[in-house]
Amino acid sequence: MSAPIRVRFAPSPTGYLHVGGARTALFNWLFARHHGGKFILRIEDTDRARHSEDAVQIIYDGLRWLGLDWDEGPEIGGDYGPYFQSERESIYQRYFDQLRAGGHLYVEDSGAWRFRFHRELVEVDDLICGKITFDFGNTEISPDMTIRRPDGSWIFHFVNVVDDLEMKITHVLRGEDHLSNTPKHIQLYQALNAAPPRFGHIPLILNKDGSKMSKRDQGASITSYLEGGYAPEAVRNYFCLLGWSPKDDREIMALDEIITRFELSNVNRKGAHFDIAKCDWFNAQYIQQMPAARYRELAQPWLAKAGISADPATLDPVLALEKMKVTHFREVPDRVSFFFTEDYTYDPAAVEKALHKPGALDRLAQLAECYAALEAFDAVTLEAKLKELATSLSVKPAEFIHPARVAVSGRAVGPSLYHMFEVLGKERVLARFHRTRERFAA
RNA sequence: GACCCUAUCGUCCAGUGGCCUAGGACACUCCCCUUUCACGGGAGUAACACGGGUUCGAAUCCCGUUAGGGUCACCA
């Protein structure tokens, strides 16, 4: 309890960051932040052939996008580096020699080094799963494990333990897939005359149907969220609730509240099935509640990609119009594109239904005339005037509304008509009415 | 195959022996709001895997079965 808490996320640079890995990183980060401890990032690149700059970058990008800043690790430094296993050769050699001197190792004919595992009962006191006893007493196959290949390179189990030891990791929070390896890791610590850290195994994330989540499955890769138009705060909130619960019915929670309430004892032991629909709901909720500046910030890259750029004063009123309807930021450009060009396209079905109706173009002319006389051009006035006009001509407001919507946006669906008018402004609205009448006359 | 973990609505969670004719959320259906599309509000469908115990009483404790997952690599 007295030693400062140190946890780590130790991914292998495989070219993508799996949602399960990200969630493991998140829980480690939450645990560290909750206890005022350190969160360390270590890159496990012993398999040198697979190491690439891009692969490492994907990990950094994913973690940073989720807001998981590391206190020690690549690009940050720290007192226990280097933080790439490929650069820790001399450390491994030292521990290897210690193990060898202690008589814990033997060589195979191939030249591979194996660690001699004691065939006994090993108890793991897991922070999440509780006390678990592994019986290696009468197992048929050898529990011994290779720790070094004939070519001198190191195997995961060994370097992982050595690094956790060297980096003074106090709590190892990792995926449940490592639970069965834990007794072996514990024996490695014992052979090294070191006290093992505390372990906590987090249940895995599966597909919604319960199958294992692989790279291609929807939502499996963190990159897919960056590219899918998600707000990181929303995705992070959803991930927090995958396997952890505050034990009341709160779901949308500020990060501070989650940090305060995050306890390992509240982490579930059951594997979670991933549901992208709920993740989408979180995203929509966050977007709805988002301040205009943040909303603009997240929408801007998507707008830029669609060739739309404008200053905040112009952008914000337009963006506000559709904010309540957006689920993913990628939808934004299409929803607002007609505000930024006079060359917007007309949806044929909408034209057929609203403009090719007998008298539709006349309604447009009448409404234009009415609006042209207006001083104020705000939504409230616009609505009142349109309804007044309809009443005076004894027609339904819809007779005006539908043609006007298509005239001004080219589509049958969109923002509230009057607010759309207001944002567009009198001049552009009247011009669009006029242009539409000319274009679809006769 | 051996060892280990798990088991409440389709999904995520609540429930730690009586407050449970099992609660919330997503999704789905219907209604209201809205002369667009959404948001929002309301209602509804829907679960304690099975079998034995323990107990006055079990979703909650124990055992077994079944099912799912994981590990047994010179992958991490």
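Letters go in sequence order (proteins before strands), and every chain restarts at 1. Keep in mind it's a predicted model, so treat the numbers as computed, not measured.
- Across all strands shown, C32(B) is found opposite G40(B) as a Watson-Crick or G-U wobble partner, with both distances under 3.5 Å.
- Pair assignment for A47(B): none, as no Watson-Crick or G-U wobble contacts are both less than 3.5 Å.
- Rounded to an integer number of Å, the gap from CG of Leu204(A) to C1' of C12(B) is 16 Å.
- The phosphate of C37(B) has neither OP1 nor OP2 within less than 4.0 Å of any side-chain N or O from Arg411(A).
- Look at A7(B): its Watson-Crick or wobble partner, with both distances under 3.5 angstrom, is U66(B).
- A syn base is found at C39(B): its glycosidic angle is within 90° of 0.
- Of all heavy-atom pairs between Phe84(A) and Arg88(A), the closest is O-CG, 3.4 Å.
- Taking only side-chain nitrogens and oxygens, Thr146(A) comes nearer than 4.0 Å to OP1 or OP2 of C74(B).
- Ring orientation note: the planes of Trp244(A) and Phe262(A) are tilted relative to one another, at an angle of 30° to 60°.
- Look at U54(B): it lacks any Watson-Crick or wobble partner with both distances under 3.5 angstrom.
- A close approach under 4.0 Å does occur between a side-chain nitrogen or oxygen of Gln285(A) and OP1 or OP2 of G40(B).
- Considering only side-chain N and O atoms, Ser245(A) lies under 4.0 angstrom from the phosphate OP1 or OP2 of A14(B).
- Distances shorter than 4.0 Å separate some side-chain N or O of Thr46(A) from OP1 or OP2 on A76(B).
- Listed candidates were G70(B), C13(B), A76(B). Nearest to the side chain of Ser12(A) is A76(B).
- If you take OH of Tyr418(A) and C1' of U34(B), they are 11 Å apart, rounded to a whole angstrom.
- Arg114(A) comes within 4.0 angstrom of sugar-phosphate atoms only, judged by non-hydrogen atoms across all strands, and of no base.
- Checking Asp378(A) against Tyr418(A) by side-chain atom types alone, no donor-acceptor pair falls below 3.5 Å.
- Tyr346(A) and Tyr344(A) have tilted rings, their planes meeting at an angle from 30° to 60° on a 0 to 90° scale.
- The shortest distance between the side-chain N/O atoms of Lys270(A) and the OP1/OP2 oxygens of G69(B) is not below 4.0 Å.
- Only one option out of Met145(A), His104(A), Glu120(A) pairs with Gln187(A) in a side chain to side chain contact (heavy atoms under 4.5 Å, CB included); it is Glu120(A).
- Checked by distance alone, Lys278(A) brings a side-chain donor or acceptor within 3.5 Å of a matching partner on the base of A25(B).
- Donor-acceptor pairing under 3.5 Å, judged by distance alone, is absent between the side chain of Ser180(A) and the base of C72(B).
- Rounded to the nearest Å, the gap between the P atom of U29(B) and that of C39(B) is 12 Å.
- Contact check, Asn268(A) against A14(B): a side-chain N or O comes under 4.0 Å of OP1 or OP2.
- Residue Asn160(A) places none of its side-chain N or O atoms closer than 4.0 Å to OP1 or OP2 of A76(B).
- Aromatic ring pairs are classed by plane angle as parallel below 30°, tilted from 30° to 60° and perpendicular above 60°; the pair Tyr238(A) and Phe282(A) is tilted.
- When both pairing distances are held under 3.5 Å, C74(B) makes no Watson-Crick or G-U pair with any nucleotide shown.
- Heavy atoms of Thr133(A) sit under 4.0 angstrom from primed sugar atoms or phosphate atoms, though from no base atom.
- Residue Arg119(A) places no side-chain N or O under 4.0 Å from the OP1 or OP2 atom of C3(B).
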